[in-house]
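Notes to accompany the following structure.
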Amino acid sequence: MAASSTSLHIMTKLSPYVFTYEPGEARIASGAASGPKVIVLAAWMDARDVHIAKYIAHYQSTYPNATILLLKFVVKEAIFTPVANSVVQPAVWYLRSLVNAGDLSATPAHPEILVHVFSNGGATSMRNVYASYSQIFGQPFPLHCAVFDSCPGLHAFSTSYNALIAGFPRGLLRLLVAPFIVLVILNTWIWHVPLGFIGGEDFLSANARVLNDPKLVKQTNRTYIYGNADTMVDWRHIERHAKRAILNAFDVRKEIFDNSPHVAHMRTDSQRYWLIVEETWKKAVAGA
């Protein structure tokens with residue numbers, strides 16, 4: 001059954017934040033065998049179903065054989081580490097069930113998974129998936145390729161404020177919550193910078209570190225898609241992360257979209273966007 005581009009009704013709900021789509025046997029029999037077996041889509045903070053569904057529908061059309069695993073992101077994941085870990089557990093165990101059933105290889109010679117990460121919300125989800133998978137099963141997340149859309153970013157007052165205020169409609173409510181958002185950002189900075197010996201690493205720094213850790217992240221290649229008009233994640237932070245990835249021996253491709261806002265690059269130039277995604281997968285399996 002083809003996905004609607006406006007809802008996720010065809011997906012199975014494993015938890016409030018984790019959903020799966022599994023193709024039917026007829027589709028598997030008739031579809032192309034060259035695509036990924038599993039697509040992990042880690043959505044941005046508070047992403048609406050109508051927006052997520054557009055990506056799901058495209059993937060179903062392009063890779064009809066693929067199982068799709070969707071991870072939604074909620075703000076409390078970023079604030080409370082135990083919550084962040086618990087939220088991704090259904091996804092971690094679902095992936096492991098595919099390995100145990102023989103649908104995925106634990107240590108494939110060539111990638112079987114395409115990971116598509118959106119914004120700092122998706123980066124947080126994947127950071128916790130990588131860390132949890134390794135901790136629980138004693139081995140890294142299976143070999144894969146990845147697309148990073150508008151991420152990962154680091155803490156900065158203006159981008160953090162823009163990301164948090166975006167969830168509130170313009171008008172009186174936004175004016176009322178603005179001082180509280182400023183207070184949250186300042187308290188977070190104080191807790192993790194001057195008081196870092198107590199507060200430890202902030203979640204954005206943890207994202208950047210884990211996503212570039214070759215012991216936890218086994219990738220054939222990765223592509224960063226980002227825009228210089230992004231007001232929620234500084235594009236220079238993304239380029240800094242890409243440079244560090246190269247130093248850590250990751251195969252990196254960078255694609256910048258001019259005048260393209262946060263997580264809007266697919267809308268800015270859909271044809272170019274999906275060509276980049278497909279080329280990322282093709283490069284991953286070129287030696288298969």
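For this chain, numbers begin at 1 and follow the sequence in order.
Separation of the Tyr59 and Tyr21 ring centroids does not fall under the 6.0 Å cut-off.
Within 6.0 Å of CD on Glu239 lie more than 12 heavy atoms contributed by other residues, nucleotides or ligands. Arg267 CZ: 12 or fewer foreign heavy atoms inside a 6.0 Å radius.
Between the CD atom of Glu22 and the CE atom of Met11 there is a distance of 10.0 Å, given to the nearest 0.5 Å.
A donor and an acceptor atom, one from each side chain of Tyr133 and Arg96, are located under 3.5 Å apart. Side-chain N/O atoms of Ser105 and Glu112 include no donor and acceptor closer than 3.5 Å.
At least one side-chain heavy atom of Tyr94 sits less than 4.5 Å from a side-chain heavy atom of Thr67. Taking 4.5 Å as the limit, every side-chain heavy atom of Pro140 sits out of range of all side-chain heavy atoms of Val217. Side-chain contact between Phe257 and Ile276 is present, with at least one heavy-atom pair separated by less than 4.5 Å. Side-chain contact between Leu8 and Lys72 is present, with heavy atoms from C-beta onward closer than 4.5 Å. Asn221 is listed as a side-chain neighbour of Thr280, based on a closest heavy-atom distance under 4.5 Å. Tyr273 has its side chain out of reach of Glu255: every pair of non-hydrogen atoms, C-beta onward, lies at least 4.5 Å apart. The shortest side-chain heavy-atom distance between Glu279 and Thr223 does not fall under the 4.5 Å cut-off. A 4.5 Å side-chain heavy-atom check between Val277 and His58 finds every atom pair outside the cut-off.
Between Leu69 and the options Ile39, Val115, Leu41, Val18, a side chain to side chain contact (heavy atoms under 4.5 Å, CB included) holds for only Val18. For the ring-ring contact (aromatic ring centres under 6.0 Å, His included) criterion with Tyr224, the lone passing option out of Trp235, Phe250, Phe148 is Phe148.
Contact detail for Val117 and Gly122: the closest heavy-atom pair is CG1-C, 3.3 Å.
Looking only at distances, no side-chain donor or acceptor of Asn65 sits under 3.5 Å from a matching main-chain atom of Gly35. Between the side chain of Asn259 and the backbone N or O of Asn228, no donor-acceptor pair lies under 3.5 Å.
Taking the six-membered ring where the residue is Trp, Phe141 and His144 present perpendicular rings, their angle passing 60° and hence far from 30°.
A salt bridge is defined here as a Lys NZ or Arg NE, NH1 or NH2 lying under 4.0 Å from an Asp or Glu carboxylate O, and Asp234 with Arg236 meets this definition.
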